[in-house]
Amino acid sequence: AQFLQGRYKLNAADLLLCAKRLWERAFDLRHCAEAWAAIGIRAFKQCVWWDLQEQERKASATAQTAGVAISAEDFTVASYAQAA
């Protein structure tokens, strides 16, 4: 009852302590993966980025040798393009 009458107040640190466990649960890997799957987003690690960069570099070099012009759109991954 005293809390409802304003005798106790939460400061920012108290608020963070109250929210910490719920925040950690809401944003744990399982919940994030489920949410991403629900909206069609697939997370990837940096190694995928570097693999794609290497593929782009090789394709650009091959295209240049063959005298063919290519653009960034030629390297779009369909599943990521749909999410954007």
If the test is side chain to side chain contact (heavy atoms under 4.5 Å, CB included), which one of Q55, E54, E56 qualifies with K58? E54
Regarding R21 and E24, does a basic nitrogen lie under 4.0 Å from an acidic carboxylate oxygen? no
Under 6.0 Å from the CD atom of Q64, do we count more than 12 heavy atoms belonging to anything else shown? no
Result block: side-chain N/O donor-acceptor pairs under 3.5 angstrom for residues 26-39, not counting sequence neighbours:
from: D28; atom 1: OD1; to: R30; atom 2: N; distance (Å): 3.4
from: D28; atom 1: OD1; to: H31; atom 2: N; distance (Å): 2.8
from: D28; atom 1: OD1; to: H31; atom 2: ND1; distance (Å): 2.8
from: R30; atom 1: NH1; to: E34; atom 2: OE2; distance (Å): 3.1
from: H31; atom 1: ND1; to: R25; atom 2: O; distance (Å): 2.7

